[in-house]
Amino acid sequence: MTVPPAATYPPMDVAGRASRLRARFDEVGCDALVVSRLVNTRYLTGFTGSAGVLVVTSDELVLVTDGRYRDQAGEQLAAAGVDGRVEVGQTAAEQQELLVGAVRGISRLGLEAAHVSWATQRRWAGEWFPESELVPTEGMVEGLRQRKDEGELARMAAAAALADAALAAVRPRLAEGPTEAEVALELDTEVRRLGATGASFETIVASGPNGARPHARPGPRRIVEGDLVVVDFGATVEGYRSDMTRTTIVGSPTPVQERMLEVVAASQAAGVAAVRAGTECVDVDRACREVIEEAGWAEAFLHGTGHGVGLDIHEDPRVAKSSTATLEADHVVTVEPGVYLPEHGGVRIEDTIVVTPTGSRPLTHAPKDPHLP
Ligand code: ZN
Ligand code: ZN
C-alpha cells in the first residue's frame, strides 16, 4: 500500500475554523488573538512554514511572516480556501512594524499564554502593543482542534494504515537478532517509503530490560530470544499523526511475561470498551487501571492511559487519573496501558481510536498477537 494522493482525501474545513475561534472571544474577554504557536496557525490557515505570527481579529486574518515564505504563505491560504492577508517583512524590524499595524486599535489583545516567552510578553506589553491590554488565554485553538472533521480523520486513518503496513513489513525482522536502533530505522524508512512525510515522533523500540522504561530510546542492544519488544511509533500524513504500540515476544514467554501480555491486553480492551461520547476521560483511565490493579501490578503502570492525537502527537484531551475532560464524538485519543517490570521487560498496547456517539472505531489495525508468525 501507499498513501493516497492529497486530492483524494475529503476536504478539511480550514476556512470555517477562524469563525469558531472568534465565537470564543467574548467568553475569554478578548477582541482579537495573536497566535504565536505555529501548529495553531497551520490549523487556522493551512500555512506550514516555520515562522509566522497570525492575528485573528473579529473580521480579519493577518499572517505576518518572512521572505522565505513570500510565495508559499499566500498559496497555502488560497489552497485552504482561507480569506486572509499575508504580510511579508524582510527584517525583524519590518515584521514588528507589520504586526503592530495588524493589531492597531484593538483594545483587548489575547495571547497564547502557554506559548509566549516572558521576554516576548515584556516586549509586546512595553514596546510593541502599549495601547492594547494583553489578555492571557489558554487552549483557545487547542480546544477547537480536539474535534476532527472528516478530512482530518481521513488523513489520520491514512497515517495509521501506513504504520500498520510498516509494522507488518518490519516485524518479522525481530526474530533475526537486529539491534533496537536498526529496527527503528527500518520502521522510519518504511513509513516514508510508503508515502508518509515521516514518523510522527521519535520511534521507540525497547527490548528486554529497556522495555521496562516506557520512553526508552532505541539503542545498540541486540534483540534476543526471550525478549519482550515494545514498538511504539506512528506516521505523519499532511501534518496529521498516528500513534500505535505493539509488544512482541521473541520466542516463548516465561509465565510472568505471558501473564503481563494477557493483563495488558485485557486492560487495553477494557479501556477501549469504556470510550464513548459523553464519557469522562478519568473513567477510561480507571477502566484500564482496574484490570492492572487486580493483577497486582498497580505500581508497574507508570503513566497515564492516553492522549489526544492530531497535528500534535500529544494533544487534548488527556486520558489520565487527573483528567477533567469529557470525550466528545470525533475526538481522537489513544488507549495505551502498560506494565513495566525491570526483571521481565515491558508490555504496552496502544491504539489510536475515534470517539463515536456509541463507542469508538480504531484507526490502527495491526494484529495484537504478541507471537511472531
Ligand atoms: Zn505511542
Ligand atoms: Zn501515545
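Counting starts at 1 for both ligands and their atoms, following the listed order. The structure presented is a predicted model; accordingly, all values stated were derived computationally and were not measured.
Between D316 and R318 there is a salt bridge, with a side-chain nitrogen of the basic residue lying less than 4.0 Å from a carboxylate oxygen of the acidic one. Looking at D149 and R17, a side-chain N of the basic residue comes within less than 4.0 Å of a carboxylate O on the acidic one, giving a salt bridge. Taking a cutoff of 4.0 Å between a charged side-chain nitrogen and a carboxylate oxygen, R155 and E152 do not qualify as a salt bridge.
Sorted by first then second residue, the ring pair (Phe, Tyr, Trp, His ring centres under 6.0 Å) pairs that include residues 317-371, not counting sequence neighbours, are H303-Y340.
The other residues sharing a hydrophobic cluster with I106 are V34, V53, V55, V62, V64, L98, L99, V100, V103, L109, L111, V116, W124, W128, F129, L134, where clustering joins ILVMFWY side chains under 4.5 Å apart.
Shown here are the protein N/O/S atoms lying under 2.8 Å from the Zn ion (ligand 2), water excluded: D243 OD2, H307 NE2, E336 OE2, E350 OE2.
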Please list every donor-acceptor pair under 3.5 Å in which a side-chain atom of residues 200-207 meets a protein atom from a residue at least two apart or in another chain.
{"residue": "S200", "atom": "OG", "partner": "S242", "partner atom": "O", "Å": "2.7"}
{"residue": "E202", "atom": "OE1", "partner": "R217", "partner atom": "NH2", "Å": "3.0"}
{"residue": "E202", "atom": "OE2", "partner": "R217", "partner atom": "NE", "Å": "2.9"}
{"residue": "E202", "atom": "OE2", "partner": "R217", "partner atom": "NH2", "Å": "3.4"}
{"residue": "T203", "atom": "OG1", "partner": "D188", "partner atom": "OD1", "Å": "2.6"}
{"residue": "S207", "atom": "OG", "partner": "E180", "partner atom": "OE2", "Å": "2.7"}
{"residue": "S207", "atom": "OG", "partner": "R221", "partner atom": "NH1", "Å": "2.7"}

